Asker: 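My questions all concern the structure below.
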Amino acid sequence: MNESSLKKSLSKLKLGGMRYFDSIGSTNDEALAWAASGAKDFSLVVADEQTQGRGRLDRKWFTPKGSAIAMSLILRPSAPMRPHLSRTVGLAALSLADACQTLGLSPKIKWPNDILLNGRKAAGILVETVWSGVEADSLVIGMGINVSASSVPPAESLKFPATSIEEMLGYAPKREEVIQLVLNACLHWREQMGTDLFIQAWEEKLAFRGEAVQIQAGDEETTHGRLDGLEADGSLRLRDLQDHSVTVRFGDVSLRPAA
Ligand code: BT5
């Protein structure tokens, strides 16, 4: 992938703008700065390599040269989208899942922000907001996708096992084609963001649905329960051991199958 092959693949999409980097610290940092200085809706930052790629809570995200996708999409929320901004991570997850499915894979969404292939993490999402007072001026959807096998970090550096599209498909698709699939799916799901169908589609793709899981949120005690589904705002719903409904909100949450 290079700037011109990417531009060619995305030529039919109405992007607000595009910035491509052979190497960058973090595409989310670039997109946040661009959004704050007036980037148009649906502008895209893509890099071949990230040297300071970030996950949640500034955890490191590994994007070695020539093997992965690091992209950040800037959305300026329209009036109908505004009441549903808490669903933005779902928009990203459904877009990534659709792209994987089009490639012939069977993705699952590990709530809130991971895409699993065969139970292993193949992509991560980091949504960040540019605020204007109390209003969200724009959203930056950062997506990191392991395309080639060489994008997968060493197992000993990970808390959750990882994989790549190549490991699952037997070949590495062109990264610019994967980006095109993700953006097309995003255009579709963005229009549906306020609908019940959106929540249903998101719910259907959840990993561990109906299974026993444990949730660790920050320093709080671990919650044990069965993964039930999603609330209207995209929060996760569990049934605890007493069969009570428990809502888990977004944040520093890690979801695991029950030990
Ligand atoms: C995430 O965080 O999964 C969000 C990752 C978002 C990355 C994109 S790339 C484009 C944009 N620019 C950025 O700077 N970021 C976004 P979290 O759930 O906190 O998971 C982070 C953890 O995933 C790390 O602590 C590692 O254990 C693991 N990890 C790091 N690199 C990985 C990779 N390439 N594949 C699988 N797991 C990885």
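Read the numbers this way: they start at 1 and go in the same order the structure lists the ligands and their atoms. The structure presented is a predicted model; accordingly, all values stated were derived computationally and were not measured.
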Asker: Give me the nearest non-hydrogen protein atom to atom 28 (C) of ligand 1 as residue plus atom name, then the distance to 0.1 Å.
Answerer: L158 CD2, 3.5 Å
Asker: Please confirm whether R19 makes a cation-pi placement over W34, using NZ or CZ under 6.0 Å from the six-membered ring centre and within 45° of the ring normal.
Answerer: yes
Asker: Would you mind checking which non-hydrogen protein atom is closest to atom 24 (C) of ligand 1, with the distance to 0.1 Å?
Answerer: K60 O, 3.3 Å
Asker: Quick check: closest heavy atoms across V46 and T27, and the distance to 0.1 Å?
Answerer: C-CG2, 4.1 Å
Asker: Look at atom 10 (C) of ligand 1 and say which protein heavy atom is nearest, naming residue and atom and giving the distance to 0.1 Å.
Answerer: T27 OG1, 3.1 Å
Asker: Using 4.0 Å as the upper bound for N to carboxylate O, is an ion pair formed by R226 and E211?
Answerer: no
Asker: Side chain, backbone, both or neither: which part of A68 comes within less than 4.0 Å of ligand 1 when only heavy atoms are counted?
Answerer: neither
Asker: If the cut-off is 4.0 Å to any non-hydrogen atom of G53, which atoms of ligand 1 fall inside it?
Answerer: 14 (O)
Asker: For ligand 1, is any non-hydrogen atom under 4.0 Å from I125's backbone (N, CA, C, O), its side chain (CB onward), both, or neither?
Answerer: backbone
Asker: Among all protein heavy atoms in this structure, tell me which lies nearest to atom 36 (C) of ligand 1, with the distance rounded to 0.1 Å.
Answerer: A162 CB, 3.5 Å
Asker: What part of N146, side chain from CB on, backbone N/CA/C/O, both or neither, has a heavy atom under 4.0 Å from ligand 1?
Answerer: side chain
Asker: Hey, is R76 close enough to D137 for a salt bridge, meaning N to O under 4.0 Å?
Answerer: yes
Asker: Of the listed options (N113, I24, V46), which comes nearest to atom 18 (O) of ligand 1 when hydrogens are ignored and any heavy atom counts?
Answerer: N113
Asker: Give a yes or no on whether a salt bridge exists between R237 and D228, defined as a side-chain N under 4.0 angstrom from a carboxylate O.
Answerer: yes
Asker: Regarding atom 12 (N) of ligand 1: of the candidates K121, Q50, R120, R54, which has the closest heavy atom?
Answerer: Q50
Asker: So which of R59, M143, Q52 gets nearest to atom 21 (C) of ligand 1, if we judge by its closest heavy atom?
Answerer: R59
Asker: If you count the atoms of ligand 1 from 1 in the order shown, which ones are under 4.0 Å from a heavy atom of M71?
Answerer: 10 (C)
Asker: Could you tell me, atom by atom, which parts of ligand 1 come under 4.0 Å of a heavy atom of D114?
Answerer: 3 (O), 18 (O)
Asker: D114 vs R56, test: salt bridge (charged side-chain N to carboxylate O under 4.0 Å, His left out). Steps then yes/no.
Answerer: CA-CA 11 Å; D114 297 343; R56 294 174 301 163; 5.5 Å; no
Asker: Quick one, H224 and D240 - any side-chain contact, counting heavy atoms below 4.5 Å?
Answerer: no
Asker: Tell me the nearest of W61, F62, F160 to atom 38 (C) of ligand 1, using heavy-atom distances.
Answerer: W61
Asker: Is ligand 1 less than 4.0 angstrom away from at least one heavy atom of T63?
Answerer: no
Asker: In chain order, what residues pass the side-chain contact (heavy atoms from CB on, under 4.5 Å) check against D58, with sequence neighbours excluded?
Answerer: R54
Asker: Under a 4.0 angstrom heavy-atom cut-off, which atoms of ligand 1 come close to S151?
Answerer: 34 (N)
Asker: Run the side chain to side chain donor-acceptor pair (under 3.5 Å) test against Q101 and tell me which residues pass, sequence neighbours left out.
Answerer: K205
Asker: Are any of the side-chain heavy atoms of L126 and N113 separated by less than 4.5 Å?
Answerer: no
